[in-house]
Structure formats: C-alpha cells, structure tokens
A.B. asks: 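Following this message is one structure expressed as structure tokens.
Each chain gets a letter, A, B and so on, in the order the sequences are listed, and its residues count up from 1.
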There are 2 protein chains.
Amino acid sequence: MTTRRRFVHAGAQTRRADLIAATLDLIAEGGPQAATVRAIATRAGVTPGLIRHYFATKEDLIAAAHQHLMSGLTEASAERLEDLPDDPLARLSVFLANAVSPPVTDPRTVALWAASMQLVPRDAKMRAVHRETYLEFRDLLQRMITEALAHSGQPVEQAQTLAIAGNALLDGLWIEAGALPDAFTPDQLKSIAINAFSRLLKLELPEV
Amino acid sequence: MTTRRRFVHAGAQTRRADLIAATLDLIAEGGPQAATVRAIATRAGVTPGLIRHYFATKEDLIAAAHQHLMSGLTEASAERLEDLPDDPLARLSVFLANAVSPPVTDPRTVALWAASMQLVPRDAKMRAVHRETYLEFRDLLQRMITEALAHSGQPVEQAQTLAIAGNALLDGLWIEAGALPDAFTPDQLKSIAINAFSRLLKLELPEV
DNA sequence: CGGGTAATTATACATTTGCATAATTACGCA
DNA sequence: TGCGTAATTATGCAAATGTATAATTACCCG
C-alpha cells in the first residue's frame with residue numbers, strides 16, 4: 001500500500017523551467033539517451049504524466065530545451081556589455097572574451113551543444129531553432145563588427161562575410177576548448193580570439 | 001510457415017566490416033538511436049544474433065565503428081595532400097577550399113562527427129582519439145601556414161597561434177555548412193575561408 | 001567421406017520506453 | 001462557501017530494445 005505522492009501546485013513557468021533544466025542536466029550527464037521521460041520527471045521532482053501536460057511530445061520538450069540553451073549562450077556572451085564605455089573596439093574585445101570563457105566554454109555546454117547538433121540535420125523543428133539562434137548570434141556579432149570598422153574609418157561592406165568567418169572562429173574555439181579542456185588556458189583562448197579578430201578586421205583590439 | 005533464412009558463410013573480416021559500415025550508415029541517417037541491433041543486422045544482411053557473435057556487446061560495436069570512422073577521416077585528409085601544387089600560397093588555398101567542400105563538408109560526415117563529439121566528454125578512449133586527430137590536422141595546417149608566411153617574408157613565430165585560430169575557423173565553417181546546407185553556397189564558403197585566411201596571415205591567397 | 005567446429009539463424013525474455021487515460025488534488029472566482 | 005477548471009498523479013499498455021540460449025547450417029581437416 002503505497003501512499004500517493006504529495007500534490008504540489010506550481011505555476012506553468014516554474015514547471016516548464018524545471019522540466020527544461022532537468023532535460024539539459026540529464027543530456028549533459030548521460031547524453032540524449034539518458035533523457036527519458038521518467039528520468040526527466042524524477043529529476044524535476046514530478047510525475048512522468050505531467051510532461052505530457054506541458055509538452056505534447058518529448059520532441060517538443062527537447063526542442064524547447066535546445067532553444068533555452070542556445071539563447072542562454074548568446075545572452076552569456078552579451079553579458080556585461082552594457083556596463084562598458086561606448087568604445088566599439090573595447091566592446092568587441094569584451095564580447096569575444098566572454099564567448100571563449102566559462103560558462104560558454106564549458107564541457108557541459110559543449111556536450112549539450114553536440115547532442116543537439118546531432119539532431120539538427122534530421123529534425124525540422126531543431127533546424128529551425130538552430131538557424132534562428134545562429135543568425136541571432138551572428139547578427140549581434142555583425143553589428144559590433146560594423147561599428148568597430150566604422151569607428152576606425154574602414155569600409156563596412158564586408159561586415160557580413162567577416163561576421164560569418166568570425167562566428168565560425170568562435171564556434172571552433174569554444175568547441176575545442178570544451179572538448180579538450182586541458183589543451184588551452186583561459187587567457188590563451190582570449191588572447192587567440194582577440195588577436196585573430198584584430199587581424200581579420202585589420203585593427204588593434206585591446207586585450208582585456 | 002515461414003522459410004528459414006538462407007545460410008551464407010562469410011569470413012570474419014567481411015562480417016565485421018559489414019556490421020561497422022551498417023552501424024555508421026544508420027547513425028549518419030538517424031542518429032545513434034537509429035542504430036539498434038535489429039536495424040544494424042538488417043542493413044548488414046544478417047540476423048541480429050550474429051552481432052553478438054562478433055561483438056560481446058553493442059557498445060563494443062559502436063566503439064569499433066567510431067574507431068573506423070576516425071582513422072578513415074585521418075587517412076582521407078592525409079591523402080589529399082599529395083595532389084597540391086608547390087607554391088605554398090596556392091597549396092594553402094587548395095587545402096582550405098578542400099576543407100570546406102564535400103566530402104569533408106557533408107551532412108553525413110558532420111552528423112557522424114557530432115555523434116562522436118557527444119561521446120568525447122564521457123569516454124576516455126574517444127577523447128584520446130579526438131585529441132590525436134585534432135592535433136594531427138592542426139600540425140598539418142601549421143606547417144602549411146609556416147611555409148606560406150616564410151615564402152612571403154613574414155615572421156613565423158605566431159604560426160602556432162594562427163594555426164589554432166585557423167583550425168577553429170575551418171571547424172566552425174564546415175560544421176555550419178553541414179548543419180545548414182542551404183545557408184551557404186560552396187563557392188561562398190571557399191571565398192569566405194580564403195579571404196579570412198588572407199587577412200589572418202596578412203597576405204594574398206589566390207582564389208581557386 | 002564423415003564428424004567436429006565455427007558461423008549463422010531462430011526464438012524467447014525481461015526491461016525500458018513513450019504515450020494514453022482516468023483518477024485525484026489544489027486553486028480561483030462567483 | 002462551493003463549484004468549475006486547470007494542474008498533478010497513478011496506472012496501464014503496446015511497441016521496441018538488448019541480450020541470452022538453443023537449433024541449424026556450412027566449412028575444414030582427418
């Protein structure tokens with residue numbers, strides 16, 4: 001004779017957030033196959049059936065988790081940007097440093113990204129989220145590049161191409177840093193990123 | 001009354017190779033979760049029970065498949081180098097163009113890479129293979145960068161830093177190209193890569 | 001040519017998984 | 001206060017999965 005689980009009423013936002021957090025935790029720890037409906041529910045302190053109440057299907061939950069993860073990364077890179085002086089070069093330097101530092105550069109984050117990356121080619125919903133978040137980050141980078149170029153009196157028509165290349169550079173750096181944490185020191189990564197962008201944009205970005 | 005499947009005797013090498021090929025095909029098409037014992041057996045034209053005869057467990061089979069994939073990629077990228085011209089700048093250009101073109105930039109390759117990437121943080125053996133192949137490719141790139149810099153009379157002491165950044169740039173480009181095949185044209189990718197490297201190395205790489 | 005052995009198939013089984021449905025509980029509003 | 005409704009739990013189920021085991025087949029060596 002088992003006792004019924006205590007009924008706890010939490011809002012929709014809370015529950016959705018908890019379920020997404022539990023999903024990301026499990027995927028980070030044990031890969032996508034570890035994120036079963038029951039495991040997610042247990043981790044979120046909830047009953048399996050509740051998942052169905054908030055997400056029509058498990059794929060929906062996973063897509064939502066991916067969305068949350070990616071926009072979180074963009075926000076983390078843009079963090080502390082408001083506090084800075086208006087100098088476009090300094091702003092870009094801080095942005096780059098953020099993009100190759102924890103929590104962005106973090107084994108857990110990279111594992112999560114790899115897991116979702118593997119779904120992107122096959123799942124239309126995932127692909128849509130990926131495209132959206134990718135372009136969002138790239139546009140942000142492109143705007144900062146444009147401002148930096150204009151501030152130093154350079155033509156800005158190549159800004160988009162440079163943003164694509166710069167975005168790829170940052171992607172590659174944080175992937176390798178996350179996959180091989182011991183291969184680079186944090187300062188080394190920042191220095192590489194800022195130096196590479198200085199050459200890409202043909203201007204002198206300040207170290208941070 | 002079903003008829004018994006025709007018994008076909010094949011050697012151990014053949015069967016192991018077939019099972020590994022079937023596993024990689026399935027992972028590339030449908031992700032790791034598509035590589036079930038039954039699906040692998042069907043794809044390999046074999047009965048599920050036979051897998052157990054060659055691999056003690058499914059994990060063993062998948063590990064063997066990843067090993068095969070990685071060494072295959074290494075061999076493929078090393079093979080390309082012989083055909084390149086003697087001029088260091090032209091060599092580098094062709095190398096870059098190859099690195100962002102099929103079959104390297106290929107949804108199947110990227111999907112397989114993402115699948116293994118997801119195991120790297122959790123599996124020591126996978127991590128060792130990853131580190132080895134990463135450093136191998138980076139050293140190759142660094143040698144070509146050194147030659148290009150020397151050929152144009154530039155100092156070469158920053159070659160390693162530039163190789164790290166350049167490698168990251170290529171990684172990022174082919175990942176995005178594989179994930180969003182419609183976002184870039186092949187020519188666009190080549191042009192972006194060569195232009196970015198021209199700026200990184202402060203020299204004029206020829207278009208190919 | 002005949003038997004032993006490895007290769008291959010067939011069957012069975014316990015477990016896990018995602019999902020559906022019905023029962024139960026708490027909250028808000030009249 | 002009472003009732004409707006959304007939130008949450010409990011239970012069930014069919015399908016899929018990995019693996020174990022026994023039966024069957026082809027090859028090889030004497």
Side-chain angles (χ1 to χ4, degrees), chain A residues 1-27 29-66 115 118-119 122-123 125-126, chain B residues 1-27 29-66 115 119 123:
Chain A
M1 175 79 187
T2 62
T3 73
R4 189 182 179 88
R5 183 195 186 91
R6 187 172 152 234
F7 193 110
V8 183
H9 217 105
Q13 307 102 310
T14 307
R15 281 286 134 93
R16 294 183 89 94
D18 287 353
L19 289 172
I20 286 176
T23 302
L24 291 178
D25 280 353
L26 287 167
I27 292 179
E29 289 170 12
Q33 74 273 25
T36 71
V37 172
R38 285 163 179 79
I40 294 171
T42 300
R43 173 77 59 122
V46 145
T47 279
L50 188 60
I51 293 181
R52 169 133 170 80
H53 186 252
Y54 285 111
F55 300 92
T57 178
K58 189 192 164 190
E59 283 190 354
D60 285 359
L61 169 54
I62 294 203
H66 182 222
Q118 159 205 332
L119 301 178
R122 283 178 298 279
D123 188 318
K125 212 175 297 180
M126 279 288 188
Chain B
M1 176 76 185
T2 63
T3 73
R4 190 181 178 90
R5 183 194 186 91
R6 188 173 153 234
F7 193 110
V8 183
H9 216 104
Q13 307 105 310
T14 307
R15 281 285 133 94
R16 293 184 90 95
D18 287 352
L19 289 172
I20 286 176
T23 302
L24 289 178
D25 281 353
L26 287 167
I27 292 179
E29 290 171 13
Q33 76 273 24
T36 71
V37 173
R38 285 163 180 79
I40 294 171
T42 300
R43 173 76 59 123
V46 144
T47 280
L50 188 60
I51 292 181
R52 171 131 169 80
H53 187 254
Y54 284 111
F55 300 94
T57 178
K58 190 192 163 190
E59 281 190 355
D60 285 359
L61 169 54
I62 294 205
H66 276 123
L119 300 178
D123 188 321

A.B. asks: How would you label the contact of A/A10 with the nucleic acid (heavy atoms, under 4.0 Å): base, sugar-phosphate, or nothing?
C.D. replies: sugar-phosphate
A.B. asks: Out of curiosity, A/L24 CG to A/L19 CG, how far, rounded to the nearest 0.5 Å?
C.D. replies: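 Going from the CG atom of A/L24 to the CG atom of A/L19 covers 11.0 Å.
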A.B. asks: What do you reckon, is CD of A/Q33 surrounded by more than 12 foreign heavy atoms closer than 6.0 Å?
C.D. replies: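 Counting other residues, nucleotides and ligands, CD of A/Q33 exceeds 12 neighbours.
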A.B. asks: For A/V37, which contact category applies under a 4.0 Å heavy-atom criterion: base, sugar-phosphate, or nothing?
C.D. replies: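 Since only primed, P, OP1 and OP2 atoms lie under 4.0 Å of A/V37, the category is sugar-phosphate.
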A.B. asks: So what does B/R38 touch, heavy atoms closer than 4.0 Å: a base, only the sugar-phosphate, or nothing?
C.D. replies: base
A.B. asks: I want to check something: taking the side chain as every heavy atom from C-beta on, are B/T23 and B/I20 in contact at a cut-off of under 4.5 Å?
C.D. replies: no
A.B. asks: In whole Å, I'd like the distance from the CZ atom of B/R16 to the C1' atom of C/dA6.
C.D. replies: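 Taking CZ of B/R16 and C1' of C/dA6, I get 14 Å after rounding.
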A.B. asks: Please tabulate the protein-to-nucleotide N/O contacts below 3.5 Å involving nucleotides 24-26 of chain C, giving atom names and distances.
C.D. replies:
none

A.B. asks: Considering only distance and modelled atom types, tabulate donor-acceptor pairs under 3.5 Å from the side chains of residues 36-54 of chain A, sequence neighbours left out.
C.D. replies:
{"from": "A/T36", "atom 1": "OG1", "to": "A/A39", "atom 2": "N", "distance (Å)": "3.0"}
{"from": "A/T42", "atom 1": "OG1", "to": "A/R38", "atom 2": "O", "distance (Å)": "2.9"}
{"from": "A/R43", "atom 1": "NH1", "to": "A/E29", "atom 2": "OE2", "distance (Å)": "3.2"}
{"from": "A/R43", "atom 1": "NH2", "to": "A/E29", "atom 2": "OE1", "distance (Å)": "2.9"}
{"from": "A/R52", "atom 1": "NH1", "to": "A/A56", "atom 2": "O", "distance (Å)": "3.2"}

A.B. asks: Between B/R5 and C/dA10, is there a side-chain N or O to OP1/OP2 distance below 4.0 Å?
C.D. replies: no
A.B. asks: To the nearest angstrom, how far is B/I40 atom CD1 from C/dT8 atom P?
C.D. replies: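 Taking CD1 of B/I40 and P of C/dT8, I get 17 Å after rounding.
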A.B. asks: Going by number, which of residues 47-63 of chain B have a non-hydrogen atom under 4.0 Å from DNA chain C?
C.D. replies: B/T47, B/G49, B/L50, B/H53, B/Y54
